[in-house]
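Here the structure is a predicted model, which is why all the values come from computation and not from measurement. Below, chain A is the first sequence line, B the second, and so on; all start at residue 1.
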2 protein chains.
Amino acid sequence: MAPRQGHNLSKNARFAEVVDELAGGYRTIGQMVYAVLKEAITSGTFAPGEWLRQESLAEAIGVSRIPVRTALLQLESDGLVTFHPHRGARVCTLSPAQINEIYRLRTLLESYALRLSMTRMNPDRAEALRKLAARLDEEHEGKEFLDVRVRFYRELYDSENNPLLVQMIEELRGHVGRYLLGFRFSGSHKRQHSDLVEHVAGGDLSSAEAWLYSHLEGVRQGIESILLDEGGDAAPDENAEVEDDGEPPADPSPPGGGQAASRAQAAG
Amino acid sequence: MAPRQGHNLSKNARFAEVVDELAGGYRTIGQMVYAVLKEAITSGTFAPGEWLRQESLAEAIGVSRIPVRTALLQLESDGLVTFHPHRGARVCTLSPAQINEIYRLRTLLESYALRLSMTRMNPDRAEALRKLAARLDEEHEGKEFLDVRVRFYRELYDSENNPLLVQMIEELRGHVGRYLLGFRFSGSHKRQHSDLVEHVAGGDLSSAEAWLYSHLEGVRQGIESILLDEGGDAAPDENAEVEDDGEPPADPSPPGGGQAASRAQAAG
DNA sequence: TTGTCGTAGTATGGATACATTCAACAAGCT
DNA sequence: AGCTTGTTGAATGTATCCATACTACGACAA
């Protein structure tokens, strides 16, 4: 019992950091809780498949259950948690097939966005992209990295003229981000995004697309290897998480909290 | 239940029909209200830009405000309504630019789905598609039509193997459906879907894609003409008949960076 | 020993009541 | 007259409380 306690303690401590970090400056408490929980899920503080108890979350954040419910409902529509009526909400688990489909769709959407963007390329945008890419190739961790990455791809994909397209891409990226938390540091990623920008600025569509394919495929394979490792490690087979009831009742809170802790971004 | 106001009687009557029709058979009241409101919005019972008052909706359905709020929040994440904090929710309004983007994305996604589907075509699926297409070409209205259409496209696009792709397509279709309510009857639509099925079953990709492009472009132009008519009639821009503002303050993003603001995109 | 039934516990879903916030209106000031 | 400011009203957002549904556990019978 003690190890579990200490375990939750560290998790609660990290969660408290997230709370403190984002607790101020929102119009409503529900929006704040939404940001907190989204950050906690996408950063891996809550592991895939973990149950999210409304009451404990409310207590940890310091609000009532209502805004927690509000946030969880929005996260459900975002595809990050699933509700089981009268049983609760748990963090979405993605099967390898689902992850593959996400990357197929990302390839389709992002190459389309790339083509659209390059037809409207101009020196100003190219220069902005160079600056963002340089920052992106320097930082590899933390919220600063995530923020710059969002801004880079919004500029690259011309979110001004393709807001819905960019939103869909970001949603897909958000689904899979938590599965490759410790992966980003492997490999020699020097100048990657800057290379892409040069292809784009030079009007070399095929090279740019090749970069994109290679990039996405590399990340996809990284997730696949991670999933294979973890699959052999502990998780037997978390099947489809459709809200269809009648699941095997012998499915208690997965012991994966520890794994999540070890995978969280150490460098924050 | 009891008609509250006399001036919107016909609207309330139609809404009451929707309520009665969908009121039974759900796990939770919130899910029922979600289905009711989604149906009411996509069927045009609630006009784009119209305010959705939680209390009146709750009274009309016969529940409290909580499940109504629940449903509205889910609909916001679906992109069908937008929340203005402390002011309320209104049915999303789509600008012509947004509708064009939706159709560009539908073309991209649906042609991709078509290609994927045709690589796995077999006589069984072709036969199922023929039957569904025949039914679809007979019925042109009502919930039966909508239901058969969903089943046809799920079979056509192989939702078994591409669940996320089909879900995204259906979401996009749901966004624009309410804009072409009276449009579907114009033109000679005889055998349209059956023609498509023959192309697909025969392995004629280019003809199938040509059918798809023509179909989507026809519907898009229909919506465009409708919007132009209505635009000259009453609405100068996204503000509907409601006389008050549409963008009260500059809608300050939360200070946590740009990422938490991904929710209010589809509103425009 | 096994399978079924019944009961208790717990967490969610929903309803009611309260607090907060925004917007409109009116009065006062420059 | 125009602008600013205080007040009022209404609708939302939140908290607390209650009912319901699901799970777990234990007793009893075959």
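Between Gln74(A) atom CD and dG13(D) atom P there is a gap of 10 Å when expressed in whole angstrom units. Here the C1' atom of nucleotide dA10(D) and the NE2 atom of His84(B) are 17 Å apart, to the nearest Å. Residue Tyr26(A) contributes atom OH, which lies 14 Å from atom P of dT14(D) at whole-angstrom precision. Regarding Leu72(B), its CG atom lies at a distance of 13 Å from the C1' atom of dA11(D), rounded to whole Å. Between Leu73(A) atom CG and dT12(C) atom P there is a gap of 12 Å when expressed in whole angstrom units. Here the P atom of nucleotide dA15(C) and the CD atom of Glu59(B) are 14 Å apart, to the nearest Å. To the nearest angstrom, P of dG14(C) lies 9 Å from CE of Met32(B). Taking atom CZ of residue Arg90(B) and atom P of nucleotide dT12(D), one finds them 13 Å apart after rounding to whole Å.
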Report task. Assess whether side chain to side chain contact (heavy atoms under 4.5 Å, CB included) is satisfied between Glu50(B) and Arg90(B), documenting all intermediate values. Result -> CA-CA 5 Å; Glu50(B) 182 173 352; Arg90(B) 56 195 314 192; over 6 Å; no

Report task. For the pair Arg149(B) and Arg173(B), evaluate side chain to side chain contact (heavy atoms under 4.5 Å, CB included) and give the outcome as yes or no after the intermediate values. Result -> CA-CA 11 Å; Arg149(B) 186 177 65 173; Arg173(B) 191 189 298 138; 3.7 Å; yes

**Report entry** side chain to side chain contact (heavy atoms under 4.5 Å, CB included) assessment of Leu109(A) paired with Met168(B)
**Finding:** CA-CA 12 Å; Leu109(A) 293 176; Met168(B) 290 168 76; 4.0 Å; yes

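The nucleotide whose nearest atom lies closest to any side-chain atom of Arg53(A) is, among dC22(C), dA11(C), dA15(C), dA11(C). Comparing dA15(C), dC22(D), dT14(D) against the side chain of Val63(B) picks out dA15(C) as the nearest. In this structure, of dT14(D), dG14(C), dC22(D), it is dT14(D) that holds the atom nearest to the side chain of Ile29(A). Each of dT12(C), dG14(C), dT14(D) was ranked by its minimum atom distance to the side chain of Glu55(A); first place goes to dT12(C). Candidate nucleotides dG13(D), dC22(D), dT14(D) were compared by shortest atom distance to the side chain of Phe83(B), and dG13(D) ranks first. Closest contact between the side chain of Arg65(A) and the listed nucleotides dC22(C), dT16(C), dG13(C) involves dG13(C). Considering only the side chain of Arg87(A), dT23(D) comes nearest among dT14(D), dG14(C), dT23(D). Ranking dG13(C), dT14(D), dC22(C) by closeness to the His86(B) side chain, first place goes to dC22(C). Proximity note for Gln54(B) (side chain, C-beta onward) versus dA15(D), dT12(D), dG14(C): the nearest is dT12(D).
Rounded to the nearest 0.5 Å, atoms CG (Leu172(A)) and CD1 (Ile99(A)) are 12.5 Å apart.
At least one side-chain nitrogen or oxygen of Arg27(B) sits closer than 4.0 Å to the OP1 or OP2 atom of dC22(D).
When heavy atoms are screened at a 4.0 angstrom cut-off, Leu52(B) is found touching the sugar-phosphate backbone but no base atom.
At a threshold of 4.5 Å between non-hydrogen side-chain atoms, the residues Ile102(B) and Leu105(B) do not count as touching.
Mapping Ile66(A) and Ala89(A) onto DNA chain C by nearest heavy atom places Ala89(A) at the nucleotide closer to the 5' end.
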